[in-house]
Amino acid sequence: MRSARLAATLAVAAIIVGACSSGATPSPAASSAPSSSPSTAPSGSPGASASPSPSAGACAPTDINCLLFQTNYNPGPGQSGGTLVMGEWEAPTQLNPFYSTAFTTIEAIQPALRGLLTITSDGKYVPDLAAKIPTFDNGGVVLDSNGKGFTLTVTLKPNLQWSDGHPATMNGLKYPWQGANDPNPTGCSACTVRYPDIDSIAVSSDGLTATIHFKDLFAGWLGWLTSYILPQHYFSTIPVAQAAKQSMPVSSAITNMPWSGPFKITNASSSEIDYARNPDWHGGVSTAHAAYLDNLKFAYFGDKNGEIAAFKNGEIDIAFDLQQDAYPAIQTVSPSVGTAALTPVWEYEHFDLNNDPTHARNNGLWDPNVRKAIAMAVDKQAIINADFPGQNITPACSPAPPGLWYRKAETCPSYDPAGAKTLLQQAGYAVDSSGYMAKGGHEMNLELCTTSGNPTRLTELQKLQGFLKDINVKSTIKTADAGSVVFAGWADTTPTTDCSIYRGTYDIADFAYVITGSPYNDYFYTYDSAQWPEKGDHSGSNDTRFSSPQMDAALAKLATDVNPADQLTDAGAVQDAYNAGIPEIPLYYRSEATGLSVHAGNWPAY
């Protein structure tokens with residue numbers, strides 16, 4: 001996951017910062033990372049030099065150990081001192097990752113809050129707070145004799161502490177499980193992702209080892225181990241019902257939170273988040289050491305143009321979260337200030353289609369043929385050409401970017417406006433006196449939503465609006481704040497919050513999905529019909545309200561295959577069901593443009 005690769009970079013201090021105009025302490029840039037042979041098995045010491053992008057191509061298609069664990073990531077040594085100023089155009093509104101799926105939340109807390117495992121810049125699992133990765137081969141994963149459940153055994157690295165000096169133990173893993181079973185975790189998007197399958201967590205007397213028993217066969221266990229452990233001694237003072245608001249606020253009160261990473265957050269606001277070196281950090285992906293940097297800062301700019309201008313003016317050291325369209329602008333930076341990097345990442349831009357199962361919006365998107373017609377009306381290559389003129393980018397056709405270990409080649413509907421019109425007519429639509437498609441006296445009028453301050457997505461919706469007009473479909477474009485509206489959770493929105501994907505107050509939404517590398521975690525909560533946000537405790541993430549027997553069957557199989565080798569086939573069936581049902585329209589696989597100051601070295605990419 002992009003956030004995890006960022007985390008590994010910061011935790012090991014692969015980035016070394018020097019003086020900059022925003023007040024950093026002088027420190028020379030680091031030399032390039034050393035090279036050695038790649039690791040061939042999961043261990044606490046990943047192998048060679050950093051690779052800029054994930055790639056499954058170096059492994060045989062069925063070599064699971066290679067696909068999952070053989071990393072080339074090996075951060076170089078650093079020199080102490082300095083402040084790294086990171087730029088981001090989108091500010092988080094929530095810092096508790098259990099109550100937010102926004103990327104900016106994960107991005108902001110990664111330097112300070114860690115999981116048992118993390119994912120490297122070349123897309124492989126490595127130990128983070130854990131001493132080693134549990135596998136079937138090393139006895140860390142054992143199926144029950146009745147075949148209905150399984151046990152994970154995970155051990156922490158020794159001598160880990162929270163930033164307030166309390167020892168870090170596996171009670172930090174046990175506590176979120178207990179909290180997820182509380183009747184009051186309203187809006188906890190992570191609470192149903194993993195914890196209901198666990199019926200016991202036993203922590204050893206020294207606190208370092210947890211024996212976790214899953215009563216059901218849970219395929220996402222490996223991705224689940226990248227989840228954060230929490231400071232039980234702090235969270236136990238906050239009522240579960242108030243955790244979303246009180247535990248990790250975007251305010252000065254964030255200093256009450258103990259941290260497990262190389263840095264601790266010292267202040268948080270909508271304009272910046274400040275970090276200081278955590279003196280109680282005794283971890284590290286490769287070797288245990290204190291953070292090299294004195295401080296970090298995230299500066300938030302509200303829009304991408306402001307972030308790019310700040311980078312080119314030398315005000316920030318790294319400009320994050322910029323799409324490929326920003327690369328030409330970043331490239332014009334003075335060599336005395338920095339340079340631009342362009343790296344493929346596990347993300348895809350798409351049009352989210354609200355399937356509207358209750359027909360509340362009455363625009364027909366509950367009908368698979370109407371969704372297919374919309375997909376056939378979209379000229380993906382024309383969108384790409386408008387976004388990235390002169391760049392060679394292939395349209396996307398599935399929710400699995402290149403380089404993922406479980407990717408399957410798929411064929412999706414071709415651009416065919418005439419065929420799209422025919423499908424709409426077969427669905428009962430006809431052109432009315434105003435020149436728009438209508439059914440039963442109601443004109444189809446699609447609300448097209450995206451995040452504000454993003455000119456690329458606005459261009460994409462303008463192109464989409466033109467394609468829809470070509471097939472006589474009316475549409476309206478609206479933009480809204482990303483963190484507080486478009487991606488805000490159920491607890492932070494109301495039924496009248498327009499352009500909320502979780503509330504379903506949109507017809508088509510344009511945004512990108514960040515893929516984690518776990519097929520179960522990537523697909524089950526996004527496409528299973530039981531995961532509509534309005535169901536149960538509102539923690540589901542199937543914001544399209546997609547419902548497909550073919551998809552549910554494929555996900556049910558995936559959910560019970562604990563062995564990653566079996567998940568290869570299951571993930572292929574999920575991708576088949578995706579293309580058959582069309583819950584979304586994938587547009588293109590993204591590359592991240594990043595601005596890198598001359599004061600930053602050893603950048604391994606996202």
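The shown structure was predicted, so the numbers you read here are calculated from the model rather than taken from an experiment.
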Query raised in the report: Between the side chains of D387 and T456, does any donor sit under 3.5 Å from an acceptor?
Result: no
Quick one: sort the [X] and [Y] rings into parallel, tilted or perpendicular, breaks at 30° and 60°.
X    : Y    : answer
H538 : W490 : parallel
Y348 : H350 : tilted
F320 : F298 : tilted

[X] (side chain) donor-acceptor with [Y] (main chain) under 3.5 angstrom:
X    : Y    : answer
E307 : W89  : yes
R361 : Y506 : yes
Q567 : A219 : yes
K469 : S475 : no

Query - Spacing of CD belonging to Q575 relative to CE belonging to M551, to within rounding of 0.5 Å - result: 9.0 Å
Query raised in the report: What distance do I501 atom CD1 and T544 atom OG1 have between them, rounded to the nearest 0.5 Å?
Result: 9.5 Å
Report task. Can you tell me which residue pairs pass the disulfide (SG to SG under 2.5 Å) test with a partner in residues 447-488, sequence neighbours excluded? Result -> C449-C499
Any salt bridge between [X] and [Y], counting N to O under 4.0 Å?
X    : Y    : value
K408 : D576 : yes
R545 : D356 : no
R503 : E534 : no

Query raised in the report: By ring-ring contact (aromatic ring centres under 6.0 Å, His included), which residues pair with F467, not counting sequence neighbours?
Result: none
Query raised in the report: Hey, mind stepping through D367 and R371 against salt bridge (Lys or Arg N to Asp or Glu O under 4.0 Å) and telling me if it holds?
Result: CA-CA 7 Å; D367 185 337; R371 299 197 299 271; over 6 Å; no
Query - Side-chain heavy-atom pair P399, Y527 within 4.5 angstrom cut-off - result: yes
Query raised in the report: Heavy atoms, side chains only, cut-off 4.5 Å: are K124 and L68 in contact?
Result: no
